[in-house]
S.K.: 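This is the structure I have questions about; it appears just below.
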Amino acid sequence: MNVLFLCTGNSCRSILGEATFNHLAPAGWKAMSAGSRPTGQVHPRSLALLAHAGISTAGYYSKSWNDLPTLPDIVITVCSSAAGETCPAYLGPVLRTHWGVEDPAHATGTEEEIDAAFMTAYRTLRLRIEAFLALPLAELQQDKTKLKAELDRIGTLTP
């Protein structure tokens, strides 16, 4: 199963989701990430945070959803509608869910406050990914309605 973490810029949240998911996922599950308007670079704080968490950053880069290596089975949008951000709508026969996360790339304040925004985004995504991977995945792959309901529920979890 291929999971796509999708946002606008593909520089922070979707990269954090992709790398964390791939670090934790069982065999047969793979994440990728993309943006509707990619920035073309991964935010250095995202890379530093992942490395600090012991998650490999090799091979991750900001890319368009037009450049995916394979089609996703599940699309998880991570844009934050609470911030007035428009979520890109992936077109195709996929299961879609929304896990809104504030964009740490727009954080302002002291270095510590900006680092805290990145950590909050990472912790939120990690909590949700761990909850996703704790589901009875083999069973839910056979029942897309139940899987969607579980993924929607997981999208409301906060650390």
S.K.: Is it possible for you to say whether Tyr61 and Ile15 belong to one hydrophobic cluster, with membership spreading through side-chain heavy-atom contacts below 4.5 Å?
M.R.: no

S.K.: Taking Asn22 for the side chain and Lys30 for the main chain, is one N or O donor matched with an acceptor at less than 3.5 Å?
M.R.: no

S.K.: Just to verify, what does Ile55 make a side-chain contact (heavy atoms from CB on, under 4.5 Å) with, not counting sequence neighbours?
M.R.: Ala19, Thr20, His23, Leu50, Ala53, Tyr122, Arg126

S.K.: Between Pro104 and Glu102, which heavy-atom pair has the shortest distance, and what is it?
M.R.: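 Scanning both residues, the minimum pair turns out to be CD-O, 3.1 Å.
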
S.K.: Not counting sequence neighbours, which residues clear side-chain contact (heavy atoms from CB on, under 4.5 Å) with Ser64? List them please.
M.R.: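 Applying side-chain contact (heavy atoms from CB on, under 4.5 Å) to Ser64 gives Pro38, Asn66, Asp67.
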
S.K.: Please report the shortest heavy-atom distance between Ala25 and Trp29, naming the atom on each side.
M.R.: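 Minimum heavy-atom contact is CB-O, 3.8 Å.
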
S.K.: Can you tell me if CZ on Arg123 sees more than 12 non-hydrogen neighbours from other groups inside 6.0 Å?
M.R.: no

S.K.: Quick check: closest heavy atoms across Pro72 and Val94, and the distance to 0.1 Å?
M.R.: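 In this case the closest contact between Pro72 and Val94 is O-CG1, 3.0 Å.
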
S.K.: For the atom pair CG (Leu16) and CZ (Phe21), what is the distance rounded to the nearest 0.5 Å?
M.R.: 15.0 Å

S.K.: How about Leu133 and Pro26: do any of their side-chain heavy atoms sit closer than 4.5 Å?
M.R.: yes

S.K.: Quick one: pull up CG in Leu49 and CG in Asp115 and give me the separation to the nearest 0.5 Å.
M.R.: 8.0 Å

S.K.: May I have the step-by-step check of side-chain contact (heavy atoms from CB on, under 4.5 Å) for Phe132 and Ile76, ending in yes or no?
M.R.: CA-CA 11 Å; Phe132 178 164; Ile76 300 171; 4.1 Å; yes

S.K.: How about Arg45 and Ile114: do any of their side-chain heavy atoms sit closer than 4.5 Å?
M.R.: yes

S.K.: Measure the CH2-CZ distance between Trp65 and Arg37 for me, rounded to the nearest 0.5 Å.
M.R.: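 One gets 9.5 Å once the value is rounded to the nearest 0.5 Å.
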
S.K.: Quick one: are His43 and Arg13 in side-chain contact, heavy atoms under 4.5 Å?
M.R.: no

S.K.: Going by atom types alone, do Thr77 and His98 pair a side-chain donor with an acceptor below 3.5 Å?
M.R.: yes

S.K.: Quick check against the 3.5 Å criterion: does Ser62 have a side-chain atom that pairs as donor or acceptor with the backbone of Gly9?
M.R.: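 Confirmed, Ser62 side chain pairs with Gly9 backbone.
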
S.K.: Any side-chain to backbone donor/acceptor pair from Arg128 onto Gly155? Under 3.5 Å, distance only.
M.R.: yes

S.K.: Quick one: CG on Leu6 to OG on Ser33, what's the gap to the nearest 0.5 Å?
M.R.: 9.0 Å

S.K.: Measuring from atom NZ of Lys63 to atom OG of Ser14, what distance do you get when rounded to the nearest 0.5 angstrom?
M.R.: 7.5 Å

S.K.: Leu95: what forms a side-chain contact (heavy atoms from CB on, under 4.5 Å) with it, not counting sequence neighbours?
M.R.: Ile74, Lys144, Leu147, Lys148, Leu151

S.K.: Atom CG of Leu135 and atom CD1 of Ile154: how far apart are they, to the nearest 0.5 Å?
M.R.: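 Rounded to the nearest 0.5 Å, the CG-CD1 separation comes out at 4.0 Å.
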
S.K.: Can you name the closest pair of heavy atoms from Ala131 and Leu157 and give their distance?
M.R.: CB-CD1, 3.7 Å

S.K.: Any side-chain heavy atom of Ile129 within less than 4.5 Å of one from Phe5?
M.R.: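 They are in side-chain contact.
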
S.K.: Is any side-chain heavy atom of Thr70 closer than 4.5 Å to a side-chain heavy atom of Met32?
M.R.: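 Yes, at least one pair of side-chain atoms sits under 4.5 Å.
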
